[in-house]
Amino acid sequence: MEFQDLCQTIASLRQQQRISQQTMAERLGISRATVSAIENGRAGDVGVRKLMKILDYLGYELTVREKSPFPTLEELRGG
């Protein structure tokens, strides 16, 4: 998964749960501008802990797995 894909996934999960950027930011103790930057892939130096905190708030977790030698369906589609 590319960083941009992760950012889009975070935005999608938040929107599906009908949580505003402002609400999430307040609950996590970060700025709304930071949430926006992360969701738009513009937060270059965002820390892993911050991403984990956001994912946990949304009910998800970050996991590490061995990379497959085979392309994903997205890669085959050109995405």
Side-chain angles (χ1 to χ4, degrees):
M1 176 180 270
E2 298 291 327
F3 180 70
Q4 188 67 32
D5 296 331
L6 177 59
C7 296
Q8 290 174 349
T9 298
I10 288 171
S12 179
L13 292 171
R14 179 187 58 75
Q15 291 165 357
Q16 288 171 12
Q17 295 180 34
R18 291 182 167 74
I19 301 168
S20 70
Q21 287 182 342
Q22 186 65 39
T23 297
M24 187 165 77
E26 288 172 359
R27 300 262 168 88
L28 297 176
I30 58 178
S31 72
R32 192 211 53 80
T34 297
V35 172
S36 177
I38 290 169
E39 290 185 354
N40 290 297
R42 293 183 280 112
D45 290 335
V46 64
V48 173
R49 286 188 180 130
K50 195 170 287 184
L51 289 175
M52 290 172 67
K53 191 176 186 179
I54 290 170
L55 288 168
D56 182 64
Y57 176 75
L58 295 170
Y60 288 80
E61 63 184 15
L62 188 62
T63 60
V64 177
R65 62 179 171 87
E66 185 175 355
K67 184 176 179 175
S68 171
F70 303 105
T72 64
L73 183 57
E74 284 182 20
E75 291 169 340
L76 290 173
R77 289 182 176 166

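All figures in this text were calculated on a predicted structure; none of them were measured in a lab.
In plain terms, the two heavy atoms of G41 and C7 that are nearest each other are CA-SG, 3.7 Å. Contact detail for I54 and M24: the closest heavy-atom pair is CG2-CE, 4.0 Å. When all heavy atoms are compared, the tightest approach of P71 to L76 is CG-CD2, 3.7 Å. Pairing each heavy atom of L28 with each of K53, the nearest pair is O-NZ, 2.9 Å.
Within 6.0 Å of CZ on F3 lie more than 12 heavy atoms contributed by other residues, nucleotides or ligands. By the neighbour-count criterion of 12 heavy atoms within 6.0 Å, atom CD of E2 is sparsely surrounded, having that number or fewer from other residues, nucleotides or ligands.
For Q16, the side chain to side chain contact (heavy atoms under 4.5 Å, CB included) criterion is met by S12, L13, not counting sequence neighbours.
In this structure, CG in L62 is found 13.0 Å from CZ in R49, a value given to the nearest 0.5 Å. We find the OG1-CE distance between T63 and M52 to be 10.0 Å, quoted to the nearest 0.5 Å.
Annotation: salt bridge (Lys or Arg N to Asp or Glu O under 4.0 Å) contacts involving residues 13-42, sequence neighbours excluded, comprise R14-E39.
Contact annotation: the side chain of I19 approaches that of L58 to within less than 4.5 Å [non-hydrogen atoms, C-beta and beyond].
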